[in-house]
Q: 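Before anything else, here's the structure in question.
For this chain, numbers begin at 1 and follow the sequence in order.
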Amino acid sequence: MAEDVNLNILARGTPGFSRGRPRQHGQRGALTAARYNRKSVHMFDFEVAKDKVLMGAERKSMLLSDDDKKDTAYHEAGHVLVAAKRHHSDPLHKVTIIPRGMALGVTMHLPEEDKHTVTKDYLDTQLAILMATLRRRDLHAPQTTGAGNDIVAPRSWPVRWSASTA
């Protein structure tokens, strides 16, 4: 394992993994490192592995128009802007508009600590972040079907994931 690997960040980004998932995560990280001819597994490799395990493989064959890319970027930016303005938001970890699985883009927040119970303010913030893109007319962007999947996310995703299928 390379020196840049932060186990705290890895652990915070993989809550609820079952017994086999951490091993699968490590194996996929090692495969990614091998693909780049590295002798040690770096944080980048673990991040790629986590994305693949949680969201599916990159859909490189999916060709998006410039308008679809722009719309997905606005969609994800909406989540980021609302999270930045709310006091009870988890820190932002990653935003991408690379299609994976059914999602065209993803915004990911990582909690700073495990949460066994949450407050109403925290839940209100999570809902506000997920529903941020329903107010798209304020950004002069057309509404799309992508916001519907922010509320109906697969059960395997932690609450703090929001995926767009704009």
Q: With side chain to side chain contact (heavy atoms under 4.5 Å, CB included) as the criterion, how do Thr96 and Met108 come out once you've worked through the C-alpha distance, each side chain's angles and the decisive distance to 0.1 Å?
A: CA-CA 9 Å; Thr96 180; Met108 182 183 181; over 6 Å; no
Q: To the closest 0.5 Å, what do you measure between NE2 (His88) and OG1 (Thr125)?
A: 5.5 Å
Q: Do Val95 and Ile129 sit in one hydrophobic cluster, given that two such residues count as connected whenever their side-chain heavy atoms are within less than 4.5 Å of each other, even indirectly?
A: no
Q: Thinking salt bridges, do Asp124 and Lys120 make one under a 4.0 Å N-O criterion?
A: yes
Q: Nearest 0.5 angstrom please: Lys70 NZ to Leu64 CG, how far?
A: 15.0 Å
Q: Indicate the atoms forming the closest heavy-atom contact of Arg38 with Phe44, along with that distance.
A: NH2-CD2, 3.7 Å
Q: Taking His79 for its side chain and Thr107 for its backbone only, find out whether a donor-acceptor pair lies under 3.5 Å.
A: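 A pair under 3.5 Å: no.
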Q: Atom CZ of Phe46 and atom CG of Leu7: how far apart are they, to the nearest 0.5 Å?
A: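 Phe46 atom CZ to Leu7 atom CG measures 7.5 Å (nearest 0.5 Å).
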Q: So, taking the atom named CD in Glu112 and the one named CG in Asp90, what distance separates them when rounded to the nearest 0.5 Å?
A: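 Answer for the CD-CG pair, Glu112 versus Asp90, is 7.5 Å.
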Q: Under a 4.0 Å threshold between the charged nitrogen and the carboxylate oxygen, would Lys52 count as salt-bridged to Glu58?
A: no
Q: Which heavy atom in Val106 sits nearest to a heavy atom in Glu76, and how many Å separate them?
A: C-OE1, 3.4 Å
Q: With the 4.5 Å side-chain cut-off for hydrophobic clustering, are Tyr36 and Ile98 part of the same group?
A: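 They do not share one cluster, since no chain of ILVMFWY contacts under 4.5 Å joins Tyr36 to Ile98.
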Q: Give the cluster check for Leu110 versus Val5: same hydrophobic cluster or not, with ILVMFWY residues linked at side-chain heavy-atom distances below 4.5 Å.
A: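 They do share one cluster, since a chain of ILVMFWY contacts under 4.5 Å joins Leu110 to Val5.
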Q: Measuring from atom CG of Asp121 to atom OG of Ser89, what distance do you get when rounded to the nearest 0.5 angstrom?
A: 12.5 Å
Q: Is there a path of hydrophobic side-chain contacts, each under 4.5 Å between heavy atoms of I/L/V/M/F/W/Y residues, joining Val41 to Ile9?
A: yes
Q: If you take all heavy atoms of Arg59 and Ala103, which pair is closest and at what distance?
A: NH1-N, 4.3 Å
Q: Please give me the minimum heavy-atom distance between Ser40 and Ala33, naming the atom from each residue.
A: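 So the minimum-distance heavy-atom pair works out to O-CB, 3.6 Å.
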Q: Would His109 and Gln126 count as a side-chain hydrogen bond (donor to acceptor under 3.5 Å, both in side chains) if you check the C-alpha gap in whole Å, the side-chain angles of each, and the deciding distance to 0.1 Å?
A: CA-CA 10 Å; His109 299 266; Gln126 294 305 303; over 6 Å; no
Q: Atom CD1 in Ile97, atom OG1 in Thr72: separation rounded to 0.5 Å?
A: 6.5 Å
Q: Ion pair present between Asp45 and Arg28, side-chain N to carboxylate O less than 4.0 angstrom?
A: no
Q: Are Glu47 and His93 close enough that some pair of their side-chain heavy atoms sits under 4.5 Å apart?
A: yes
Q: Linking I/L/V/M/F/W/Y whenever any side-chain heavy atoms sit under 4.5 Å apart, do Val80 and Leu130 land together?
A: no
